[in-house]
There are 2 protein chains.
Amino acid sequence: MATMTAAQQRAQAKVEYDAFVAACPSRKLLDRISDKWVTLILAALGSDSAHQPGADCAGGPRVMRYSELQRLLAGVSQKMLTQTLRSLERDGLVSRTVVPTVPVTVSYELTDLGLSLYEMMRGIKAWAETHMDDVLANRETYDTRVA
Amino acid sequence: MATMTAAQQRAQAKVEYDAFVAACPSRKLLDRISDKWVTLILAALGSDSAHQPGADCAGGPRVMRYSELQRLLAGVSQKMLTQTLRSLERDGLVSRTVVPTVPVTVSYELTDLGLSLYEMMRGIKAWAETHMDDVLANRETYDTRVA
DNA sequence: CAGGATCCCGCTAGATACTG
DNA sequence: CAGTATCTAGCGGGATCCTG
């Protein structure tokens, strides 16, 4: 039984390729920043608070408390907020500070690494603002052509 | 019944914020490139074929056929490959060419817009290769600190 | 105040089978 | 060769309730 069927060989190739892709640094980065709340938290802590519909918190503090973030990011569940903050802390992108008052006070801010990531996201933002209109236009053209 | 409960107001805020986020160009871009197969197809068509474990197709053609892509991207299902290619075509990022031979021959290649996106992804790749090691190191430190 | 624990549901990727 | 159609299971994420 040393031989494999074609299907088995394909399955094997898939496993290897998946492992290869999973190990790719770019893939890891994308997995991280593609998370909806990651980007929004980064934007919030990076003081790019234009991500709030009406109000503006321009020049707002780069250090925010849990409840502040929850208020700013309307619609985030506690679960996702906590989960996301934890993973960002784990990756050394944000720092978490607990002040043992009563009740307890917890604040978050970007680390240097997190700030660096935030800066790179501005590059993405720049591309998006430059080219997304074209993409959207192409999309509409395509849809009307089909219909 | 003109008044709303606190819960209703929160739900309303969430809807508005979600709509706001959905309209954000950066968000749209991230939704697009965070797709596993999108990035891999772009890499394949951008001739960055280092995404194959063993073999190398350096300097490979920027125009590839459906079956070539399927072979290169080991483990992709027909469904996802077709679906992804369609959406990329819809957005004007890749062009699809049908040659009516028997059986039919279909080839894909990047458009200028798609190439531009590919170039921007190299920026992401650069950041990843520069900083992901730090992230991973932080992650391990965090895990051992907890355990 | 900041978060842990639990239940539950929608969505989507994937497998399978069929076709022009 | 290059798809289309259908069905299903797994899982991420939200809602809800509880606590140091």
Side-chain angles (χ1 to χ4, degrees), chain A residues 5-8 10-15 17-18 21-22 31-32 34-41 44 63-90 94-109 146, chain B residues 5-15 17-18 21-22 31-32 34-41 63-90 94-109 146:
Chain A
T5 67
Q8 281 175 327
R10 259 182 281 112
Q12 178 67 12
K14 170 175 153 45
V15 169
Y17 188 75
D18 281 354
V21 169
D31 283 345
R32 181 128 284 293
S34 65
D35 187 286
K36 179 179 177 181
W37 300 117
V38 166
T39 56
L40 292 172
I41 288 175
V63 46
M64 298 184 72
R65 297 180 50 185
Y66 184 89
S67 49
E68 285 184 289
L69 284 169
Q70 190 167 27
R71 212 173 314 118
L72 186 60
L73 309 182
V76 65
S77 60
Q78 306 100 311
K79 179 184 176 182
M80 290 316 295
L81 183 54
T82 302
Q83 196 174 98
T84 307
L85 286 170
R86 281 283 184 280
S87 70
L88 288 175
E89 183 198 2
R90 185 167 105 108
V94 307
S95 65
R96 178 172 179 271
T97 312
V98 180
V99 183
T101 52
V102 182
V104 70
T105 302
V106 183
S107 56
Y108 295 88
E109 65 180 317
V146 173
Chain B
T5 67
Q8 282 174 326
Q9 285 184 16
R10 259 183 281 114
Q12 176 68 12
K14 169 175 153 48
V15 169
Y17 189 75
D18 280 353
V21 169
D31 284 345
R32 180 129 286 291
S34 66
D35 186 286
K36 178 181 179 179
W37 301 117
V38 166
T39 56
L40 293 172
I41 288 176
V63 46
M64 298 185 72
R65 296 179 50 185
Y66 185 89
S67 48
E68 285 184 289
L69 284 168
Q70 191 168 26
R71 212 173 312 119
L72 186 61
L73 309 182
V76 66
S77 61
Q78 304 101 311
K79 179 186 174 180
M80 289 317 293
L81 182 54
T82 301
Q83 196 175 100
T84 308
L85 285 170
R86 282 281 185 282
S87 71
L88 288 175
E89 184 198 2
R90 186 167 103 107
V94 307
S95 66
R96 177 171 179 271
T97 312
V98 180
V99 182
T101 52
V102 181
V104 69
T105 303
V106 183
S107 56
Y108 296 88
E109 65 181 316
V146 173

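Computed over heavy atoms, backbone and side chain alike; hydrogens, waters and symmetry mates excluded.
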Both A:V98 and B:K36 contact DNA chain C. Which one's nearest nucleotide lies toward the 5' end?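 With A:V98 and B:K36 compared, the 5'-side residue is A:V98.
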When the distance from [atom1] of [X] to [atom2] of [N] is rounded to whole Å, what number comes out?
{"X": "A:L73", "N": "D:dG14", "atom1": "CG", "atom2": "C1'", "answer": "16 Å"}
{"X": "A:L88", "N": "C:dG3", "atom1": "CG", "atom2": "P", "answer": "13 Å"}
{"X": "A:M64", "N": "C:dC1", "atom1": "CE", "atom2": "C1'", "answer": "15 Å"}
{"X": "A:L81", "N": "C:dC1", "atom1": "CG", "atom2": "P", "answer": "14 Å"}
{"X": "B:M80", "N": "C:dA13", "atom1": "CE", "atom2": "P", "answer": "4 Å"}
{"X": "A:L69", "N": "C:dC1", "atom1": "CG", "atom2": "P", "answer": "14 Å"}

Can you tell me how far the CG atom of A:D31 sits from the NZ atom of B:K36, to the nearest 0.5 Å?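 Rounded to the nearest 0.5 Å, the CG-NZ separation comes out at 9.0 Å.
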Think B:W37 has a side-chain N or O under 4.0 angstrom from the OP1 or OP2 of C:dG14?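 For C:dG14, OP1 or OP2 has a side-chain N or O of B:W37 closer than 4.0 Å.
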Closest approach of [X] and [Y], non-hydrogen atoms and distance?
{"X": "A:M64", "Y": "A:A44", "result": "SD-O, 3.9 Å"}
{"X": "B:Y17", "Y": "A:L72", "result": "CE1-O, 3.7 Å"}
{"X": "A:Q78", "Y": "A:Y66", "result": "O-OH, 3.5 Å"}

What residues form a salt bridge (charged side-chain N to carboxylate O under 4.0 Å, His left out) with B:R90, not counting sequence neighbours?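 Counting only residues at least two positions away or on another chain, B:R90 forms a salt bridge (charged side-chain N to carboxylate O under 4.0 Å, His left out) with A:D143.
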Take B:R96 and B:L85, measure what side chain to side chain contact (heavy atoms under 4.5 Å, CB included) needs, and give me the verdict at the end. CA-CA 9 Å; B:R96 177 171 179 271; B:L85 285 170; over 6 Å; no
Sugar-phosphate, base or nothing in reach of B:Q83, heavy atoms under 4.0 Å: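 Sugar-phosphate, backbone atoms only, no base.
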Contact list (N/O, under 3.5 angstrom) for nucleotides 1-7 of chain D vs protein:
residue, atom, partner, partner atom, Å
D:dC1, O3', B:R65, NH2, 3.4
D:dA2, OP1, B:R65, NE, 3.2
D:dA2, OP1, B:R65, NH2, 3.4
D:dA2, OP1, B:V106, N, 3.3
D:dA2, OP1, B:V106, O, 3.4
D:dA2, OP2, B:S67, N, 3.0
D:dA2, OP2, B:S67, OG, 2.7
D:dG3, OP1, B:R86, NH2, 3.4
D:dG3, OP1, B:R96, NE, 3.4
D:dG3, OP1, B:R96, NH2, 2.5
D:dG3, OP2, B:Y108, OH, 2.5
D:dG3, O3', B:R86, NH2, 3.4
D:dT4, OP1, B:R86, NH2, 3.3

